Amino acid sequence: MTQSQMIQPAGSSAMTVATPPVGWKLDPALRAIILPAVTAAGLIALWEAAVPLLGIPHVLLPPPSAIAVRLVQLFFPLILQHAIPTILESLIAFVISSILGVVLAGVLSSSKIVREALYPNVVFFQLIPKIALAPLFIVWFGIGSESRIAFSIFISFFPVVVATLAGLDNVDRELLRLCKALRASEWQVFRDVRIPFAIPYMFSGMKIATTFSIIGIIVGEFVTSQAGLGYLILFASAQAETELIFAAITVLCIFGLVFYGLVAMAESYLRKKLGS
Amino acid sequence: MTTHATGSIPAIRSLKPLTDTSTPYISVESVRKVYHTADGDIEAVSKVDFDINSGDFVSILGPSGCGKSTLMMMMGGLETISSGRIVIGGEPVTAPRGDLGYVFQDPTLLPWNTVLENVLFPIRLRDGSTRKYHDRAQELLELVGLWEFRNKRPRQLSGGMRQRVAICRGLINDPALLLMDEPFSALDAISRDDMNAALADIWDRFHKTAIFITHSIREAVFLSDRILVMSRRPSTVCYDIRVDFPRPRRMEMQETLEFNELCGLLRKKIEEGYKVS
C-alpha cells in the first residue's frame with residue numbers, strides 16, 4: 001500500500017503568519033456588530049443635534065432624548081398596557097399563520113391536482129392590495145381582536161407558504177431517486193426527506209411572517225380598536241403628542257427585533273439539532 | 001513474480017459465453033432504451049444481451065455517455081425499458097426490488113442524519129424499527145473503518161468516507177445484488193485506490209452479485225470477475241471478458257505484467273468500440 005505513508009512537508013512549521021498592523025483592525029465578527037451600531041448611534045446623535053440647531057418644533061420632530069424621557073415617563077402603565085394586546089395578538093397571528101402556511105404548503109406539494117387548482121389562485125390573491133381589505137375583516141369578524149388576528153394571518157401566511165413550498169419542491173433529485181430505489185412511500189419521502197430539507201426554507205418564510213404579523217395587527221388597530229400600540233399612535237397623533245407616537249414606535253421596533261431574534265434562535269437550535 | 005494462475009491474458013470469450021448450461025441469475029434480453037426528446041428520439045442503449053451468474057462481480061466498462069448508467073438504472077427498476085426485458089432471479093424487472101442494494105455516483109446521504117442513521121435508512125423505510133440491524137451496521141462500518149464516526153454528520157466527512165457510508169447503506173439489507181453506478185468517479189486518485197481496496201475487501205467478506213459501472217479500466221480489472229465493454233451510443237456490449245486473477249485482490253497486483261496487458265487489451269477494445277461502426 002503506497003498511500004499509507006504520511007509525509008510531512010519540510011519546513012511547514014517554519015511558516016509564520018504575518019501579524020496584522022496595530023490600529024483599525026477588528027475581529028470580523030465583532031466588526032459586524034460594532035460597525036452598524038456605531039453608524040446608528042451616529043445618526044441618532046445627528047438627529048439629536050439637528051433638532052435644536054435647525055429650530056425644528058418638537059411637535060414635528062422631537063429629539064431622541066425627549067422621546068426616551070417620554071418613553072420612561074409613560075411606559076408604566078400607559079405604554080405597557082397598550083403594548084400587551086398588540087404583542088399577544090401578533091404572536092397568535094404569527095403562530096397560526098406559520099402552521100397554516102406549512103400545512104398549506106404540504107398539501108400543495110403532495111397533490112398535483114390540488115396544486116394546479118389552488119396555487120395560481122393563492123398567488124393571484126396576493127396581488128390584491130391586502131391593506132385595502134382590512135375594513136372587510138371588521139365586517140366579517142366584528143370589532144374584537146378576532147378581526148385583527150384574522151387580518152394579520154391573512155397578510156402573513158403567504159410568505160410561509162411560498163418559502164416552505166420552495167423547500168419541499170427543491171429536494172435533491174438524487175435523494176428522491178434513492179428513495180425510489182428503496183421503495184419509500186410518498187408519505188415516507190415527505191416525512192424523512194422533504195420536511196427536513198424544507199426546514200431552512202420554512203424559517204426564512206417565518207422570519208418574514210414575524211414582521212407581517214405585526215403590520216397586520218397595527219393596521220387592524222388603526223381601523224378599529226380600543227387598545228394596542230396602533231390605537232395609542234392614532235390617539236397620540238390626534239393630541240399632537242409626537243413624542244408619544246415615537247415612544248410607541250420605539251416599543252414596536254424593540255418587539256419586532258426580539259420577535260425576529262427568537263425565531264432566528266429557534267431556527268439555529270433546530271438546524272444544529274438536525275445537523276444541517 | 002506473478003500470482004496469476006495461468007500466466008497469460010485470461011481467455012477472451014464471445015457474447016453469452018458463460019451460462020448456456022445453468023440458469024443465469026440475471027438475464028438481459030435484447031434490451032433497448034430510447035429517450036423521446038423534442039429534437040427526436042435518442043437511442044441510449046441499443047439491443048444489449050448478456051447473462052450474469054450469481055456471485056460474480058461484473059463491471060460494465062465504457063466511455064462517458066455510452067449508456068452504461070442507463071443500463072444499470074434499468075436493471076434496478078429505476079428506468080423503464082423501451083423494449084426487451086431484464087430478468088433477475090426468475091422475475092422480470094418492472095420496479096425497484098427490495099433485495100437490491102444501490103450505490104450511486106453521488107453518496108446521496110441525508111445531511112441531517114448521522115452516519116449510523118444513514119446506513120440504517122433503508123431499514124427504517126422498510127421496517128420502521130432499525131434495532132435488529134444495529135449489529136450489522138456496526139459490522140459494516142467497522143469494516144470500512146468508520147464506526148468511530150457513526151455519530152458524525154455527512155458534511156463532517158471527506159468524499160471518500162461519505163461514499164463508504166453509501167456502500168454500507170447499500171449492503172445493510174443484505175442484498176442479493178449490489179448495483180454501483182460509478183461510485184468512485186468523483187474521488188481523487190488516491191482516495192479512489194483506497195476505495196478500490198476497501199471494496200475488494202468488502203467483496204471478499206460478503207460475496208454477493210455485483211454490477212459495477214465504471215469508466216476506469218484499472219478499477220474494472222482490479223475489482224471484477226468479468227468485464228463487459230460497452231461501445232459508444234447507441235451502445236451495445238462489444239466485448240466480454242472473464243478476469244481470473246486470484247482473490248483476495250491486492251494493490252500489488254496492479255504492477256504485474258498480466259494486469260497491465262489486460263488493461264492494454266481493454267483500452268484497445270474500448271477504442272474499437274468507440275469508432276463509428
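The model shown is predicted, which means the values in this text are computed figures rather than measured ones. These numbers come from the heavy atoms of this one structure, side chains and all, not from hydrogens, waters or symmetry mates. Letters A, B, ... are given to chains in the order of the sequence lines, protein chains preceding strands, and every chain is numbered from 1.
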Report the relative orientation of the aromatic rings in Phe255(A) and Phe259(A); use parallel for angles under 30°, tilted for 30 to 60°, perpendicular for over 60°. parallel

When heavy-atom pairs shorter than 4.5 Å are enumerated against chain B, which of Leu175(A), Val189(A), Leu178(A) gives the highest number? Leu178(A)

Salt-bridge test for Arg115(A) and Asp169(A): reply yes if a basic N is under 4.0 Å from a carboxylate O, no otherwise. yes

State plainly whether the residues Lys208(B) and Asp174(B) are in salt-bridge range, i.e. N to O under 4.0 Å. yes

Under 4.5 Å, heavy atom to heavy atom: which of residues 121-130 of chain B reach chain A? Give them by number, or say none. Phe121(B), Pro122(B), Arg124(B), Leu125(B)

Consider side chain to side chain contact (heavy atoms under 4.5 Å, CB included). Of Leu141(B), Leu146(B), Asn113(B), Thr114(B), which one does Val119(B) pass it with? Leu141(B)

Does a salt bridge link Glu182(B) with Lys68(B), judged by any charged N lying under 4.0 Å from a carboxylate O? yes

Does Lys33(B) make a cation-pi contact with Tyr35(B) (under 6.0 Å, within 45 degrees of the axis)? yes

Arg250(B) versus chain A, the contacting section by heavy-atom distance below 4.5 Å: neither

In terms of heavy-atom proximity below 4.5 Å to chain A, should Leu109(B) be classed as side chain, backbone, both, or neither? backbone

More than 12 foreign heavy atoms under 6.0 Å from CD of Glu186(A): is that the case here? no

